[in-house]
Amino acid sequence: MATTVQNIIDAAVASSTANDPNISALPAELVGVTDRAMKELYVRAHTRNKWYFATLADVTSGGAAVGWARPGTALDVLIVKSQSGGTSKVIETVGSDVTVVPTDDQVEVAFAPRIYRLGRFYLSVGATGDPSEATDGDILRFIFSHNHTAITDATQTLDVHWPEDHNRLLITKLQEYLALKDKARGDLPPIREELRRLELLFDVDIEQEDSALVARFREEFVPQESEPA
């Protein structure tokens with residue numbers, strides 16, 4: 001069963017020794033706190049492993065001079081590929097890589113299909129073989145590390161990518177907020193100790209790499225030799 005925002009709030013409120021439900025912290029207030037806490041956890045995950053909350057979206061061009069809109073929750077666009085298109089489709093091979101080049105150096109990687117970023121949109125370089133921005137042109141697939149969709153209502157379910165075995169971390173973040181708001185100072189030390197423990201478990205999960213992974217290119221840590229005395 002999917003977890004709702006209300007499930008998280010109810011668990012946090014039930015554990016507070018000083019909170020008076022619906023008085024000390026109103027439901028809408030706790031929805032906002034949950035939203036901020038969730039977004040912080042997604043950013044925390046992204047800084048440690050950009051693939052942990054990776055997802056994809058197929059984006060249709062908005063037309064010439066508009067291009068492809070950057071996915072709204074994207075923290076980092078990792079890969080762009082061609083997906084499909086209409087009559088103005090230029091790239092014929094579905095799944096072929098599209099290179100994102102610097103806006104001020106669009107001749108970079110001239111041998112590959114290219115786009116560049118301008119604000120919250122991506123535009124075609126416009127050379128032969130580059131994606132078509134026409135309304136009936138190429139559809140591009142963006143693979144990106146994403147943030148949690150905005151939480152605006154307690155009835156919302158948590159993001160499908162959120163691992164529910166870390167729900168206790170989210171609940172504890174709300175517990176800390178309630179203890180501070182209600183001036184329940186005695187609650188804070190054990191809450192913060194538990195928060196550190198749960199954050200450590202979350203970080204281990206984030207940073208765990210599948211043993212089955214086979215990579216052609218891998219950055220490895222090389223210890224530096226000590227300077228001679």
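Note that the OG1 atom of Thr34 and the CD atom of Glu29 stand 10.5 Å from one another [nearest 0.5 Å]. Going from atom OG of Ser82 over to atom CG of Leu140 covers 7.5 Å, rounded to the nearest 0.5 Å. Between atom CD1 of residue Ile171 and atom CG of residue Leu195 there is a gap of 12.0 Å, rounded to the nearest 0.5 Å. For the atom pair Leu30 CG and Leu174 CG, the distance stands at 6.0 Å (nearest 0.5 Å). The structure places CG of Leu188 at 10.5 Å from CG of Leu178, a figure rounded to the nearest 0.5 Å.
Between the side chain of Glu133 and the backbone N or O of Ser124 there is at least one donor-acceptor pair closer than 3.5 Å. Asp76 places no side-chain N or O within 3.5 Å of a backbone atom of Leu78 that could act as its donor or acceptor partner. No donor-acceptor pair closer than 3.5 Å links the side chain of Asp205 to the backbone N or O of Phe202. Proximity of a side-chain donor or acceptor of Asp153 to a complementary backbone N or O of Thr155 within less than 3.5 Å is detected. Lys39 places a side-chain N or O within 3.5 Å of a backbone atom of His148 that can act as its donor or acceptor partner. Side chain of Thr172 to backbone of Gln175: no donor-acceptor contact under 3.5 angstrom is found. With hydrogens and angles ignored, the 3.5 Å screen pairs no side-chain donor or acceptor of Gln83 with any backbone N or O of Thr60.
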Notebook entry, point to check: Given the rule in the side-chain contact (heavy atoms from CB on, under 4.5 Å) test, do Thr152 and Asp35 qualify, once you have shown the distances and angles that lead to the verdict?
Noted result: CA-CA 8 Å; Thr152 58; Asp35 180 56; over 6 Å; no
Margin query: Show, in sequence, the C-alpha distance, side-chain angles and deciding distance for Val5 and Leu158, and conclude whether the side-chain contact (heavy atoms from CB on, under 4.5 Å) test is met.
Written below: CA-CA 7 Å; Val5 175; Leu158 301 185; 4.1 Å; yes
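Across every non-hydrogen atom of Thr103 and Arg117, the tightest pair is OG1-O, 2.6 Å. Residues Val98 and Lys81 approach most closely at CG2-C, 4.0 Å, considering heavy atoms. Shown here for Gly129 and Pro113, the closest heavy-atom pair between the two residues is O-CB, 3.6 Å. In plain terms, the two heavy atoms of Val31 and Ala154 that are nearest each other are CG2-N, 3.8 Å.
With a 4.5 Å cut-off on side-chain heavy atoms, Asn7 and Asn167 do not count as touching. Contact annotation: the side chain of Thr55 never approaches that of Val160 to less than 4.5 Å [non-hydrogen atoms, C-beta and beyond]. Between Trp68 and Pro131 the shortest side-chain heavy-atom distance falls below 4.5 Å. Under the 4.5 Å side-chain criterion, counting only non-hydrogen atoms from C-beta, Leu170 is not in contact with Thr3. Asp105 has its side chain out of reach of Val101: every pair of non-hydrogen atoms, C-beta onward, lies at least 4.5 Å apart.
Using a 30° and 60° split on the angle between ring planes, Tyr42 and Phe53 fall in the parallel class, below 30°.
Between Arg197 and Glu194 there is a salt bridge, since at least one side-chain N of the basic residue sits less than 4.0 Å from a carboxylate O of the acidic one.
Taking hydrophobic clusters as Ile, Leu, Val, Met, Phe, Trp and Tyr residues chained together by side-chain heavy-atom distances below 4.5 Å, Leu169 shares a cluster with Ile151. By the rule that hydrophobic residues join a cluster once side-chain heavy atoms approach within less than 4.5 Å of another member, Val66 and Leu118 end up as members of separate clusters. A single hydrophobic cluster is seen to contain both Tyr177 and Met38, as judged by linkage of ILVMFWY side chains at heavy-atom distances under 4.5 Å, directly or through other members. Taking hydrophobic clusters as Ile, Leu, Val, Met, Phe, Trp and Tyr residues chained together by side-chain heavy-atom distances below 4.5 Å, Ile191 does not share a cluster with Leu41. Cluster annotation: Ile115 and Ile143 are assigned to distinct hydrophobic clusters (Ile/Leu/Val/Met/Phe/Trp/Tyr, side-chain heavy-atom contacts under 4.5 Å, transitive).
Checking each of Phe142, Phe144, Tyr116 against Tyr122 for a ring-ring contact (aromatic ring centres under 6.0 Å, His included) leaves exactly one that passes, namely Phe142.
A side-chain donor-acceptor contact under 3.5 Å links His46 and Ser145. A donor atom on one side chain and an acceptor atom on the other are not found under 3.5 Å apart for Thr73 and Thr149.
For Tyr52, there are no ring pair (Phe, Tyr, Trp, His ring centres under 6.0 Å) partners two or more places apart in sequence or in a different chain. In this structure, the side chain to side chain contact (heavy atoms under 4.5 Å, CB included) partners of Ala127, at least two apart in sequence or on a different chain, are Arg114, Asp130. Residues passing the side chain to side chain contact (heavy atoms under 4.5 Å, CB included) test with Arg48 are Arg44, Asp203, Ile206, Glu207, sequence neighbours excluded.
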